[in-house]
Amino acid sequence: MTRVSPTPALARLRGDFPPVGRARVLVHRGTCGNAVGAEAVAAALRASMPGAAIAEGACDGACWAAPSATVQREAHSHRFARLDRGIPDELAACLAGQCDDEYAGRGEYGLLERVGRNDGSFGDVIGRGAYGAAAMAATLRPEQVIEAVAASGLTGRGGAHFATAQKWRLAAQHTGQKYLVVNAEEGEPGVFKDRHLIEGDPHRLIDGILVACRAAGVDTVFVYVNGQARNARAAFERALEDARAQGILDGAAFGGDPVTVEVRSGAGGYVCGDESVILNSIEGQRPVPRYKPPFATDEGLWGRPTVVNNVETLCAVSTVFDSPPPPTKLIPLSGAVSRPGLYEVPIDGNTTWTGVLATAGSAPGLVPGILLGGPSGRFVTPEEYEVPLTMRGLGAGGAVVLPRDADIAEVTRSLAAYNMRESCGECTPCREGTQRLVQLLEDVPANRERIAALIETLTEASLCQLGGMAGRPVASALESFPEAFEE
Ligand SMILES: Cc1cc2nc3c(=O)[nH]c(=O)nc-3n(C[C@H](O)[C@H](O)[C@H](O)COP(=O)(O)O)c2cc1C
Ligand code: SF4
């Protein structure tokens, strides 16, 4: 892999922030770390190692290790897990140079490369490859940017995997006021990739935003952050301030057109992740889906052409000028594994669930299934564990590993009940159908045919994909685990 060379403008900017080069301990103070005592760990480290450089940054994706800290020496990194149990002597020894590089040879390049490796300051990320894509895009014509994204094969990581270049092309055809909306809602249980990316590397998102704006001819951006993702919002707003101060948004740093970026938050709920609900919410309308067509790229915010992109999609945009761009996908993995967390896997024909489960500390032979895609998802069964993962097959990527003794019927009922509760009530098939589905699941043997017919109605007649996909986990469970629903 060769990274895109910095443009002269970016090289000048990077020159203003030479690397500090001093060994330090970076305490992971993201949402997961803070929830389990990372603040106290930072205080304990400062008390026990006076004079040592103790920095704070976001979590590095290893939720299982929290509260944790990473010793960073030049290019070396070594993570120390579960520091609530005490600070081991090895940590100070590591800072002094007596430990290996835990990540040597693991091919760390990807979207998580800087996540949990920086202290949130602009100086700490600019030298680690940030803004390579935005600076390059500013030197290209919009069509050239779209061509590069098309050549990279990037598809939407919000779950539907629509071709990103195609979406931008549709918006680029229009003239006049256009918008970009960044979908950072992520209200669905079991998915925590986008807020992790924003907390850990908000400048990567801004990099992708600027490329999208250049390509689609957009000058106004709304970043719609889940109302509960307070750390993510704060990290993004800090990064935005820094980017503004460095002339990155107004075109002064790299050239290109000025871009205005505003942050918005909604009240939350699964349906709030649907792009048309976000548009209504930003406009101050009732947060319910819109009828399509018209599609947002033709008539979005205030009737103007609008590109809606997921956070991970835009973060992946930051790598499209590298050769080759890394074909990776983030998988937020939780449930019955020893090491739950956020994993970045290459989608190169070699990655399988067996490998992912092993990395997360699970013996695939003991896992009866994986719920992939949350409440709209399906069950992956052991027969598929050796099948290479595909980008489209992963959807948004959220994966919950079932325990050995999982009560599949109960899991299925709770997913159906979740969809019923989250239904916004705007259309009849979903409002009535999700309730009826929950009732029918009380006695599957007696209701098999009615369940199948109802799922068909939900799929065909619902206004949005909350209702449209509500029957999917039920159908998948009935097909993959028929014995779980016997009388
Ligand atoms: C009920 C529902 C929830 C959704 N939640 C999200 C979400 O949390 N984040 C997201 O990016 N897309 C979500 N989507 C998909 C968005 O509508 C949209 O397709 C996506 O943001 C487009 O970005 P992409 O092309 O970059 O994937 C959801 C869709 C539905 C129907
Ligand atoms: S499908 Fe469900 S969530 Fe979507 S508009 Fe209809 S009632 Fe609302």
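From a predicted model like this one, the values you see are computed outputs, not experimental measurements. Both ligands and their constituent atoms are indexed starting at 1 by order of listing. One-based numbering along the sequence shown.
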Distance-only donor-acceptor check, side chains Asp201 and Asn118, under 3.5 Å: no
Atoms of ligand 2 under 4.0 Å from any heavy atom of Pro289, numbered from 1 in the order shown, are 4 (Fe), 5 (S)
What residue and heavy atom of the protein are closest to atom 6 (Fe) of ligand 2, and at what distance? Cys427 SG, 2.3 Å
Short question: side chain of Lys167, backbone of Val308 - any donor-acceptor pair under 3.5 Å? yes
Which of the atoms in ligand 2, numbered in the order shown and given with their element, are less than 4.0 Å from a heavy-atom of Leu466? 3 (S)
Of all the heavy atoms in Tyr270, does at least one lie under 4.0 Å from an atom in ligand 1? yes
Below 4.0 angstrom from a heavy atom of Gly425, which ligand 2 atoms are there? Numbered from 1 as shown, please. 7 (S), 8 (Fe)
Using a strict cut-off of less than 4.0 Å between a Lys/Arg side-chain nitrogen and an Asp/Glu carboxylate oxygen, indicate whether Arg378 and Glu384 qualify as a salt bridge. yes
Can you pull out the closest protein heavy atom to atom 2 (Fe) of ligand 2? Residue, atom name and distance to 0.1 Å, please. Cys430 SG, 2.3 Å
Does Ser318 use its side chain to pair, donor to acceptor, with the backbone of Cys315 at less than 3.5 Å? yes
Please list, in number order, the atoms of ligand 2 under 4.0 Å from a heavy atom of Ser423. 2 (Fe), 7 (S)
Should the proximity of Asp274 to ligand 1, defined as any heavy atom under 4.0 Å, be assigned to the side chain, the backbone, both, or neither? both
Under 4.0 Å from a heavy atom of Val271: which atoms of ligand 2 are those, numbered in the order shown and with their elements? 3 (S)
For Ser462, the atoms of ligand 2 under 4.0 Å from one of its heavy atoms are 1 (S)
Do you see a donor-acceptor pair shorter than 3.5 Å between the side chains of Ser265 and Arg233? yes
Any luck finding a side-chain donor-acceptor pair between Tyr343 and Thr359 under 3.5 Å? no
Could you tell me which atoms of ligand 2, counted from 1 in the order shown, lie closer than 4.0 angstrom to a heavy atom of Gly467? 1 (S)
Tell me the contacting part of Glu188 for ligand 1: side chain, backbone, both, or neither, using a 4.0 Å heavy-atom threshold, strictly below. neither
Are Thr31 and Glu199 linked by a side-chain donor-acceptor pair shorter than 3.5 Å? yes
Under 3.5 Å, is there a donor-acceptor pair between the Glu386 and Thr352 side chains? no
Is the shortest distance from a Lys or Arg side-chain nitrogen in Arg413 or Glu410 to a carboxylate oxygen in the other one below 4.0 Å? yes
Taking 4.0 angstrom as the limit and counting only heavy atoms of Arg157, give me the atoms of ligand 1 inside it, by number and element. 27 (O)
Among the heavy atoms of Glu422, does any lie under 4.0 Å from an atom of ligand 1? no
re atom 4 (Fe) of ligand 2, the protein heavy-atom contact at minimum distance is Cys464 SG, 2.4 Å
Is there a donor-acceptor pair under 3.5 Å between the side chain of Ser152 and the backbone N or O of Val149? yes
Which protein heavy atom lies closest to atom 3 (S) of ligand 2, and at what distance to 0.1 Å? Cys424 N, 3.5 Å
Show the atoms of ligand 1 that are less than 4.0 angstrom away from any heavy atom in Glu186. 7 (C), 8 (O)
